Amino acid sequence: MSKIEPTAVAAALAGAVPAGSEILIQGWVRTRRDSKAGLSFLHVHDGSSFDPIQVVATNALPNYESEIQKIPSHAAVECRGTLVESQGKGQKFEIQASDVQVVGWVEDPDTYPISPKRHSFEYLREVAHLRPRTNTIGAMTRVRNCLAQAIHRFFHENGFYWIHTPIITASDAEGAGQMFRVSTLDMANLPRTEDGAIDYGKDFFGREAHLTVSGQLNVECYCLALSKVYTFGPTFRAENSNTPRHLAEFWMVEPEIAFADLSKDADLAEAMLKYCFKAVLDERPDDMAFFAQRIEPTAISRLEALVGATFARMTYTEAIDALQKSGRGFEFAPHWGVDIQTEHERYLSEEYVKRPVIVMDYPKDIKAFYMRMNDDGKTVAAMDVLAPGIGEIIGGSQREERLDMLDKRVAEMGLDGHDYWWYRDLRRYGTVPHAGFGLGFERLVLYATGLTNIRDVIPFPRTPKSAEF
RNA sequence: UGGACGGUAGCUCAAUGGCAGAGCAACGGACUGUUAAUCCGUCGGUUGGAGGUUCGAGUCCUCCCCGUCCAGCCA
């Protein structure tokens with residue numbers, strides 16, 4: 001047997017290899033159908049594309065009866081043969097096998113958890129180690145990768161630098177939510193100070209440390225030197241959130257731009273989202289066709305519409321006004337000064353404008369200390385991008401670059417200015433208006449695929465009471 | 001964390017307080033250049049866990065565990 005390099009299924013199906021070529025395919029069998037005419041059809045999958053390739057094996061092969069006719073779903077195989085135009089319907093090319101070797105058998109096909117039938121997502125989460133073998137998770141994985149690559153490409157093409165902000169932070173000043181503690185102390189025998197408190201001075205970092213809830217404060221340091229920067233990495237929130245759009249561990253993209261106001265920030269958010277969705281439409285038509293057929297009928301059309309449309313923009317005050325005039329019987333009546341509820345977000349994006357909407361200039365009392373005070377003294381330059389079906393996909397703001405105003409806000413919110421000494425330094429030395437936002441990467445994948453539970457768009461979801469895999 | 005709903009065969013689900021079933025999968029056979037193939041047959045159960053009521057509990061009661069959805073927190 002001549003030694004040849006393996007060909008990806010995607011390449012073989014796309015005609016990247018000329019018909020008549022001898023090729024080697026390595027992958028897993030999705031389905032096998034036998035014909036008494038003395039041949040079997042193996043659909044072989046290797047993850048390189050949504051579609052499997054059909055391998056035609058005949059009883060002329062020495063192991064036809066002993067092995068090939070017994071190949072179960074998800075056995076690992078190496079198939080050598082000739083790439084030919086298919087005689088059957090449903091595929092352009094197939095492989096006339098000259099050799100089929102089973103590399104790995106399936107121990108017990110009867111209890112193998114992934115049978116070739118429809119499974120509930122709920123069930124698949126219980127077998128997260130095997131679910132990448134399904135159509136849906138496979139397609140999601142390729143789209144997720146496509147989006148991640150598109151994000152880096154978008155920023156790279158626009159002169160941004162990727163900044164690796166720390167995962168472990170000793171700053172307890174991020175204030176974006178409950179944090180996971182990082183400690184090497186013996187929990188059964190904690191060191192105490194004289195007044196009985198836990199002595200974190202004895203801990204690994206000599207002080208309390210946590211997993212990051214946001215790279216924003218750190219990335220601002222690099223923004224005020226390198227102008228256009230972004231983070232893209234894991235983020236941790238210890239909130240007891242049990243919803244289809246929250247994870248305890250998720251990936252966040254946080255660009256930060258210098259010499260920019262909130263309007264430029266919104267422009268950046270809109271351009272980035274469009275770039276990403278266009279990449280998915282261009283690069284993953286096979287997977288998107290599957291999502292449109294089986295998951296969400298508008299999966300493709302809504303992305304096409306979004307790429308071509310201008311996002312709606314309105315102020316928080318206008319949004320409240322629209323909600324009040326909607327005549328809807330909301331569970332919580334919208335009124336100025338209170339945050340926009342999920343039901344309100346849905347109305348705005350799904351019914352009022354029927355596309356993503358950027359809501360800007362929120363009341364200062366419901367937003368973080370670092371957001372820039374507007375001239376009205378009542379609102380801050382914050383924005384949320386609301387996507388139909390998902391809700392908040394991006395949250396951002398122009399940052400308060402004026403030291404006196406920042407100090408005033410820190411004091412107002414009962415925070416300790418000493419905790420922010422290095423953040424304050426940015427305002428002391430060459431301060432400049434700047435802005436940025438946080439994009440929940442999994443929420444982006446949700447929107448792109450039409451899936452509805454965030455636990456199905458990350459390989460191994462971490463949620464309260466759940467970290468099995 | 002609060003509220004609602006749920007947990008029965010490998011999977012998806014039935015079963016008035018009275019013999020635990022079907023479809024799919026798997027396995028065996030028939031048929032077929034097949035495509036979620038089709039037809040026949042076989043196998044398949046500690047009904048989430050622990051108590052309780054009852055002649056009798058998958059079903060009713062109590063507690064616990066787990067899951068999903070809605071809400072809050074947010075990305």
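What you see is a predicted model, and the numbers here were worked out from it, not measured in a lab. Below, chain A is the first sequence line, B the second, and so on; all start at residue 1.
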Asker: If the P atom of rC27(B) is compared with that of rG10(B), how far apart are they to the nearest Å?
Answerer: 16 Å
Asker: Assess, by modelled atom type and distance only, whether the side chains of Asn135(A) and Arg30(A) contain a donor and an acceptor separated by less than 3.5 Å.
Answerer: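 A donor-acceptor contact under 3.5 Å links the two side chains.
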Asker: For Gln341(A), answer base if it contacts any base atom (sugar-phosphate contacts may also be present), sugar-phosphate if it contacts only those atoms, and nothing otherwise; contact means non-hydrogen atoms under 4.0 Å.
Answerer: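 Touches sugar-phosphate only.
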Asker: Please determine which of Tyr230(A), Phe232(A), Trp251(A) meets the ring pair (Phe, Tyr, Trp, His ring centres under 6.0 Å) test together with Phe441(A).
Answerer: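 Exactly one option meets the ring pair (Phe, Tyr, Trp, His ring centres under 6.0 Å) with Phe441(A), and it is Phe232(A).
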Asker: With both distances kept under 3.5 Å, what pairs with rG17(B), Watson-Crick or G-U wobble?
Answerer: none
Asker: Any carboxylate oxygen within less than 4.0 angstrom of a Lys/Arg side-chain nitrogen, looking at Glu256(A) and Arg399(A)?
Answerer: yes
Asker: Please state how far atom CD in Gln69(A) lies from atom P in rG28(B), giving the value in whole angstrom units.
Answerer: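 So the CD-P distance, Gln69(A) to rG28(B), works out to 10 Å.
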Asker: Out of rG72(B), rU35(B), rC69(B), which nucleotide sits closest to the side chain of Arg245(A)?
Answerer: rG72(B)
Asker: Mind checking Thr243(A) for me? I need base, sugar-phosphate or nothing, with any heavy atom below 4.0 Å counting as a touch.
Answerer: base
Asker: Using the side-chain heavy atoms of Gln54(A), tell me which of these nucleotides is nearest: rA75(B), rU35(B), rC70(B).
Answerer: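 Among the listed nucleotides, the one closest to the side chain of Gln54(A) is rU35(B).
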Asker: Rounded to whole Å, how long is the line connecting atom OH of Tyr112(A) with atom P of rG44(B)?
Answerer: 24 Å
Asker: So, OP1 or OP2 of rU12(B): does either fall under 4.0 Å of a side-chain N or O from Ser120(A)?
Answerer: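 Indeed, a polar side-chain atom of Ser120(A) lies that close.
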Asker: Assign a letter to each nucleotide of nucleotides 3-8 of chain B from its 5' end: B, base within under 4.0 Å of a protein heavy atom; S, sugar-phosphate only; -, no contact.
Answerer: ------
Asker: Of the options rA75(B), rU68(B), rG33(B), whose atoms approach the side-chain atoms of Glu122(A) most closely?
Answerer: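 The listed nucleotide nearest to Glu122(A)'s side chain is rU68(B).
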Asker: When we call it a touch if two heavy atoms are under 4.0 Å apart, what does Leu247(A) touch: a base, just sugar-phosphate, or nothing?
Answerer: base
Asker: Using OP1 and OP2 only, check whether a side-chain N or O of Arg33(A) sits under 4.0 Å from rA37(B).
Answerer: yes
Asker: Mind calculating the distance between CG (Asp34(A)) and C1' (rG29(B)) to the nearest angstrom?
Answerer: 13 Å
Asker: Searching all strands shown, indicate the nucleotide that pairs with rG6(B) (Watson-Crick or G-U wobble; both distances under 3.5 Å).
Answerer: rC66(B)
Asker: Select base, sugar-phosphate, or nothing to describe what Gln91(A) touches, counting heavy atoms under 4.0 Å on all strands.
Answerer: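 Answer is base: heavy atoms of Gln91(A) come under 4.0 Å of a base.
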Asker: If you measure from the P atom in rC19(B) to the same atom in rA26(B), how many Å do you get, rounded?
Answerer: 32 Å
Asker: Which value, in whole Å, describes the distance between the P atoms of nucleotides rA22(B) and rG3(B)?
Answerer: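 rA22(B) and rG3(B) have their P atoms separated by 40 Å.
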Asker: Rounded to whole angstrom, note down the C1' distance from rC11(B) over to rG45(B).
Answerer: 14 Å
Asker: Measuring from the side chain of Lys465(A) (C-beta onward, heavy atoms only), which nucleotide among rC11(B), rA75(B), rC66(B) has the closest atom?
Answerer: rC66(B)
Asker: The side chain of Pro244(A) lies closest to which of these nucleotides: rU35(B), rC70(B), rG33(B)?
Answerer: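 Nearest listed nucleotide: rC70(B).
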Asker: For the side chain of Gln96(A) and the base of rG33(B), is some donor closer than 3.5 Å to an acceptor across the two?
Answerer: yes
Asker: Under a 3.5 Å limit for both distances, which nucleotide forms a Watson-Crick or G-U wobble pair with rC43(B), could you say?
Answerer: none
Asker: May I have the distance from Arg32(A) (atom CZ) to rA37(B) (atom C1'), rounded to whole angstrom?
Answerer: 14 Å
Asker: Looking across every strand, which nucleic acid part, if any, lies under 4.0 Å from Pro464(A) by heavy atom: base, sugar-phosphate, or nothing?
Answerer: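 Counting heavy atoms under 4.0 Å across all strands, no contact is made by Pro464(A).
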Asker: Using purine N1 to pyrimidine N3 plus N6-O4 or O6-N4 for Watson-Crick, or N1-O2 and O6-N3 for G-U wobble, each under 3.5 Å, what pairs with rC73(B)?
Answerer: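 rC73(B) is paired with nothing.
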Asker: Which whole number of Å gives the distance between the P atom of rU38(B) and that of rG2(B)?
Answerer: 48 Å
Asker: Using a 4.0 Å heavy-atom cut-off across all strands, classify Asn453(A) as base, sugar-phosphate, or nothing.
Answerer: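 Answer is sugar-phosphate: Asn453(A) comes under 4.0 Å of backbone atoms only.
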Asker: Just checking Gln216(A): base, sugar-phosphate only, or nothing, at a heavy-atom cut-off of under 4.0 Å?
Answerer: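 No contact.
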Asker: Between Asp456(A) and Arg131(A), is there a side-chain N and carboxylate O pair less than 4.0 Å apart?
Answerer: yes
Asker: Measure NE2/His246(A) against C1'/rC74(B) and give the value in whole Å, please.
Answerer: 4 Å
Asker: Looking at Glu208(A) and Arg181(A), does any basic side-chain N land under 4.0 Å from a carboxylate oxygen?
Answerer: yes
Asker: Calculate the interatomic distance between Arg30(A) atom CZ and rU35(B) atom P; express it in whole Å.
Answerer: 18 Å
Asker: Taking the nucleotide of RNA chain B with the nearest heavy atom to each, does Arg443(A) or Ser86(A) sit closer to the 5' end?
Answerer: Ser86(A)
Asker: Does a side chain donor of either Asp46(A) or Ser48(A) reach within less than 3.5 Å of an acceptor in the other side chain?
Answerer: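 A pair is found: one side chain offers a donor N or O, the other an acceptor, under 3.5 Å apart.
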Asker: Quick one: label Tyr123(A) by what it contacts on the DNA or RNA (base, sugar-phosphate, nothing), any heavy atom closer than 4.0 Å.
Answerer: sugar-phosphate
Asker: Could you check which nucleotide pairs with rG33(B) in any of the strands shown, counting Watson-Crick or G-U wobble with both distances under 3.5 Å?
Answerer: none
Asker: NA contact type, Ile114(A), heavy-atom cut-off 4.0 Å: base, sugar-phosphate, or nothing?
Answerer: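 Counting heavy atoms under 4.0 Å across all strands, no contact is made by Ile114(A).
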Asker: With a 3.5 Å cut-off and just heavy-atom distances, do the side chain of His119(A) and the base of rC11(B) make a donor-acceptor pair?
Answerer: no
Asker: Hey, are Arg328(A) and Glu343(A) close enough for a salt bridge, meaning a charged N less than 4.0 Å from a carboxylate O?
Answerer: no
Asker: When the C1' atoms of rA20(B) and rA14(B) are considered, how many whole Å apart are they?
Answerer: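 Nearest-Å result for rA20(B) against rA14(B) at atom C1': 10 Å.
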Asker: In Watson-Crick or G-U wobble terms, both distances under 3.5 Å, what is the partner of rU53(B)?
Answerer: none
Asker: Do the charged groups of Lys274(A) and Glu270(A) touch, with an N to O distance under 4.0 Å?
Answerer: yes
Asker: Given the rule in the side-chain contact (heavy atoms from CB on, under 4.5 Å) test, do Arg355(A) and Glu350(A) qualify, once you have shown the distances and angles that lead to the verdict?
Answerer: CA-CA 7 Å; Arg355(A) 57 197 156 113; Glu350(A) 292 169 22; over 6 Å; no
Asker: At their closest point, which heavy atom of Val9(A) faces which heavy atom of Asp51(A), and how far apart are they?
Answerer: CG1-O, 3.6 Å
Asker: By a 5.5 angstrom centroid cut-off and a 30 degree plane limit, is there stacking between Phe441(A) and rA75(B)?
Answerer: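 Check failed, Phe441(A) does not stack on base of rA75(B).
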Asker: Distance check needed: rU68(B) P versus Leu124(A) CG, whole Å only.
Answerer: 12 Å
Asker: Measuring from the side chain of Arg125(A) (C-beta onward, heavy atoms only), which nucleotide among rG33(B), rU68(B), rA71(B) has the closest atom?
Answerer: rU68(B)
Asker: Just wondering, more than 12 heavy atoms not from Tyr222(A) lying within 6.0 Å of its OH?
Answerer: no
Asker: Before accepting this row, confirm whether a basic side-chain N of the pair Asp267(A)/Arg313(A) lies closer than 4.0 Å to the acidic partner's carboxylate O.
Answerer: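 Yes, charged N to carboxylate O under 4.0 Å.
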Asker: Provide the Watson-Crick or G-U wobble partner of rG23(B), both distances under 3.5 Å; none if there is no partner.
Answerer: rC11(B)
Asker: What nucleic acid atoms does Arg455(A) come within less than 4.0 Å of, heavy atoms only: base, sugar-phosphate, or nothing?
Answerer: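 Sugar-phosphate only.
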Asker: Would you tell me if any nitrogen or oxygen in the side chain of Ser115(A) comes within less than 4.0 Å of OP1 or OP2 on rA26(B)?
Answerer: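 It does not, given that no N or O in the side chain of Ser115(A) lies less than 4.0 Å from OP1 or OP2 of rA26(B).
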Asker: To the nearest Å, how far apart are Ile458(A) CD1 and rA75(B) P?
Answerer: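 Spelled out: CD1 on Ile458(A) to P on rA75(B) is 16 Å.
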Asker: Say we look at rG67(B) and rA25(B): how far apart would their P atoms be, to the nearest angstrom?
Answerer: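 After rounding to an integer number of Å, I get 30 Å for this pair.
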Asker: Toward the 5' end of RNA chain B, which comes first, Phe332(A) or Glu94(A), by nearest nucleotide?
Answerer: Glu94(A)
Asker: Provide the distance between the two C1' atoms, one in rG48(B) and one in rU8(B), to the nearest whole Å.
Answerer: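 Rounded to whole Å, the distance is 10 Å.
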